[in-house]
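To keep things clear, I will list the structure first and then write my remarks on it.
What you see below is based on every heavy atom in this structure, not just the backbone, and it leaves out hydrogens, waters and symmetry mates. A, B, ... follow the sequence lines: proteins, then strands. Residue 1 opens every chain.
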Amino acid sequence: MSIRTLLSSPKQPLHLLKHHRYLSAIVDIDNVLPTQPQPQTPPNITSKLIHLLNSINTDNWNDNDELRQLLSTINTTPPTLIQLLRRLGTSAKALKLYQWVQTNVVPISPSLAYQAIFEIAAREPDSCLKLLDVLELSRDENVALTVESVAILVRSFARAQMVDEVRRVFNEIQPCNRTTYICNVLLALMFRGGNVDDSLVLLDEMLQLESESESGLGYPPNDSTGFIVFAWLLREKTVRPEMVVSLVFKLGDHGVFPDGMTIMRLITKLGHGSHCSQAWELLNGLMKIKEGPVDAQSCNAMLTWLGRTNDFQKMNLLMAEMKEKGIRPNVVTFGVLVMYLCKSRRVDEALRVLNEMTKEEENGEGFFVRPDVVIYNTLFDGLCKVGRPGEALALMQKMRLQNVCAPTTVTYNCLIYGFCKSGEIESSIELFDQMKEEGVPPNIITVNTLVDGMCKHGRIGTALKFFNDMQINGIKGDTVTYTSLINAHCRVNNIDKAMALFDEMMSAKCTPDAIVYYTLISGLIQAGQLDDAISIVGKMKASGFCLDAVSYNVLINGFCKENRMDKVSEIFKEMELSGIRPDEVTYNTIISSLGKSGDFNTATETMKKMIGEGLVPTVVTFGALIHGYCIIGKLDVAMTIFENMRSTSKVSPNTVIYNILIDSLCKENKTEVAVSLMDEMQVKGVVPNVITYNAMFRGLQEKKWLDKALEMMDRMQRQACNPDYVTMEILTEWFSAVGEMESLRNFVQEYQVSASLPRNEAKLR
DNA sequence: TTAGGGTTAG
């Protein structure tokens, strides 16, 4: 395939090989220069001659005796005369001398004379204009240009970005006389000028003609061509990924390869454009070359993109290929592997990578590749994120004992986060004290991690005190600190304090961001302070932040709960106007609210609008409608929707849908239908939860079906579904009245035993 | 390589 056909926008190709005049043939200077040694003109005579030629008017040369006398004393061979030309001050003078010599002294080679004149013109002010004038004359005289002349012209025109002139000179040379150098100059100019089509036609010629180069024809690409093309591939935004691969391979066929750094950048570029498969193709193609250009950094770039797409299979394959080709992985290679394994929570595999890199002794250090603290920190973070902070701590001790590297602030931050996450706040505080003792400075992330950990585990007071101590010790809080504190106070319904913290944050000159605004708005909505929430939304917008879909949904939900449907519709319209597309959650929230208030007409209209917007009703949409009909006691309609949902819409019911129906059926004393739905759940593999059982127990109590209740309790236990206070309330009232407290005690006993067993065994029961 | 928010039906 020619390169042009790979272009996305076809344009009329430039016919570089057709429709142009071959005005001149290249004259090779080596074949023209004399092979015999020439008698030298004494330097003083040459100087006198040059002085004379420069000082007297060109019209008077014929009449000047001194000039004639001097010329007669020198050897007037063409090479001497050319040397003389070269030493004149201006191209105009040199041109005149050439013409004068031709008729008055001895004919000299026009090609060489013009070369000398071009050389002078290139050094003059306004060189390009002078060169153009001389070039025009040479064209008129049909003078063949020497290789040197072409080089001078192309170099000067290229420097002045005169693309058309370069191209014209190029076209005037016969293809057999074009050189790779000239092609490269033109190619670079055309690429830089954005003339991609023509550049690729020329490149295609260079690539195709290469086979003829052995016979002296063609202008095959060289490393400079590669440099120009690779730079363009990296720079150009619209280049298609297939073209990147194809050009690299085509140049590769001619022995021109990108270096490791360029391969890395090409792969990164392809990765950024989500063209991982082409990046893979490129790297694999280049890896096939024996002692090729692929190095660890090129592979690292590929591993990064494979990691981002979670393609661990190919990552392993690439590692194996690197081993096979003798490409030695470096610390970054292993770092990338560890990071992406940890991100996917495959921490044990990440730990195996650490083992792999530390097991061999090849470099006298006792390591295959010495791991750095970044790799260790990534592992600590990975272990902590999956709830294994103890192992992270043990690994840190090992790292310290083996003197591999010293813990840093990040190390401690990861561990502190891990212990906070698992609720071991005291251990986190101990680690904080330890880092200070060791001289590892805590930073704002350390403080924020601890503050958030304390807040999330119900120790808001401790968090506030710790935060104040830190401020006194010089670590000021930032927006993240305040977000944690505001969130914590909202959750315990202390909105006043949350608002006070928000104000404090503003006076502390911490710039609020979208997250802290969301946190406060969501807290106010939760507390039912809808108008205060709207006022914060106003502040948020004034600070230049927009609400996203989730924030709008929170607001809509708040107003739905208060049944302020006018405001809901206002917010909905504003959402659409701001370009935030209402999603399934938005529609489901509104449909649910309408269902609860019995407005099924508007609910149905809303559902139609939802479908019209290209959204698909979900199990929640149907659940909202089913619940609405259950509330007004229209169980038959609810059941019809339930059936239609399954058959027509192919939406599988989930636990919540069954719960709604079972609860309503039991309340309507249709317990036998509820029991059959419960059996259906089992068949369909939908797991009941405590709400299902509670609803069921109420229905069974009403019917006094004790045996069925005992059977359900058994099923509940087998599923490791914990009873809650509602379960206990129903069963205690019922079982005490019928003298079955022993069964209830056994039931509770089983759970206590389960709770004391290790997690795995509890699950098995 | 480390820290804060996340909405809908029971």
Does Asp583(A) form a side-chain hydrogen bond (donor to acceptor under 3.5 Å, both in side chains) with Asn553(A)? I'd like the steps, not just the answer. CA-CA 9 Å; Asp583(A) 59 11; Asn553(A) 291 343; 3.2 Å; yes
Establish, for the pair Lys497(A) and Phe502(A), whether the NZ or CZ atom is under 6.0 angstrom from the six-membered ring centre and no further than 45 degrees off its axis.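 The answer is no; the distance or angle limit is not met.
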Is it true that the NZ or CZ of Arg308(A) lies under 6.0 Å from the centre of Tyr340(A)'s six-membered ring and within 45 degrees of the ring axis?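 Not satisfied by the 6.0 Å and 45° rule.
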Give, ordered by number, those residues of [range] having at least one heavy-atom distance below 4.0 Å to an atom of DNA chain B; if nothing qualifies, reply none.
range: residues 439-450 of chain A; result: Ile445(A), Asn448(A), Thr449(A)
range: residues 530-546 of chain A; result: none
range: residues 664-681 of chain A; result: none
range: residues 580-608 of chain A; result: Val585(A), Asn588(A), Thr589(A), Ser592(A), Lys596(A)
range: residues 455-484 of chain A; result: Lys456(A), Asp478(A), Thr479(A), Val480(A), Thr483(A), Ser484(A)

Determine the contact category for [X]: base if any of its heavy atoms lies under 4.0 Å from a base atom, sugar-phosphate if only primed atoms, P, OP1 or OP2 are that close, otherwise nothing.
X: Lys385(A); result: sugar-phosphate
X: Val554(A); result: sugar-phosphate
X: Ile691(A); result: base
X: Asp452(A); result: sugar-phosphate
X: Ser551(A); result: base
X: Thr519(A); result: sugar-phosphate
X: Val619(A); result: base

Would one find more than 12 heavy atoms of other residues, nucleotides or ligands at under 6.0 Å from atom CG of Asp566(A)?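 No, the 6.0 Å shell around CG holds no more than 12 heavy atoms from other groups.
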Under 4.0 Å from any heavy atom of chain A: name the first and the last nucleotide of DNA chain B that qualifies, 5' to 3'.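 The protein-touched segment is dT1(B) to dG10(B).
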Could you list the residues that satisfy side chain to side chain contact (heavy atoms under 4.5 Å, CB included) with Cys455(A), not counting sequence neighbours?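 Testing Cys455(A) for side chain to side chain contact (heavy atoms under 4.5 Å, CB included), a comparison that skips the adjacent residues, returns Val451(A), Ala463(A), Leu485(A), Ala488(A).
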Side chain to side chain contact (heavy atoms under 4.5 Å, CB included) against Ala500(A), all qualifying residues, sequence neighbours excluded: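 By the side chain to side chain contact (heavy atoms under 4.5 Å, CB included) rule, Ala500(A) matches no residue at all.
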Quick test of your reading: applying ring pair (Phe, Tyr, Trp, His ring centres under 6.0 Å), list the pairs with at least one residue in residues 581-622 of chain A, sequence neighbours left out, ordered by first then second residue.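 Every pair satisfying ring pair (Phe, Tyr, Trp, His ring centres under 6.0 Å) with a residue in residues 581-622 of chain A: Phe572(A)-Tyr587(A), Phe600(A)-Tyr629(A).
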Please, which pairs that meet ring pair (Phe, Tyr, Trp, His ring centres under 6.0 Å) have at least one residue in residues 674-701 of chain A, sequence neighbours excluded?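 Every pair satisfying ring pair (Phe, Tyr, Trp, His ring centres under 6.0 Å) with a residue in residues 674-701 of chain A: there are none.
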Counting N and O atoms only, with roles assigned by atom type, does the side chain of Ser535(A) sit under 3.5 Å from a partner on the main chain of Asp531(A), one being a donor and the other an acceptor?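 Pair absent, no side-chain N/O of Ser535(A) close to backbone of Asp531(A).
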Output field: ring centroids Phe419(A)/Phe432(A) closer than 6.0 Å: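 For Phe419(A) and Phe432(A), the ring centres are not under 6.0 Å apart.
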Among all residues two or more places apart in sequence or in another chain, which pass the salt bridge (Lys or Arg N to Asp or Glu O under 4.0 Å) test with Glu605(A)?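 For Glu605(A), the residues satisfying salt bridge (Lys or Arg N to Asp or Glu O under 4.0 Å) (neighbours in sequence not counted) are Lys608(A).
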Is [Y] paired with [X] through a side-chain N to carboxylate O contact shorter than 4.0 Å?
X: Arg400(A); Y: Glu438(A); value: yes
X: Asp348(A); Y: Arg352(A); value: no
X: Asp452(A); Y: Lys421(A); value: no

Could you walk me through whether Thr727(A) and Asn694(A) pass side-chain hydrogen bond (donor to acceptor under 3.5 Å, both in side chains), step by step? CA-CA 6 Å; Thr727(A) 327; Asn694(A) 289 348; 2.7 Å; yes
Quick one: ring pair (Phe, Tyr, Trp, His ring centres under 6.0 Å) partners of Tyr412(A), sequence neighbours excluded?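 Per chain and number, Tyr412(A) pairs via ring pair (Phe, Tyr, Trp, His ring centres under 6.0 Å) with no residue.
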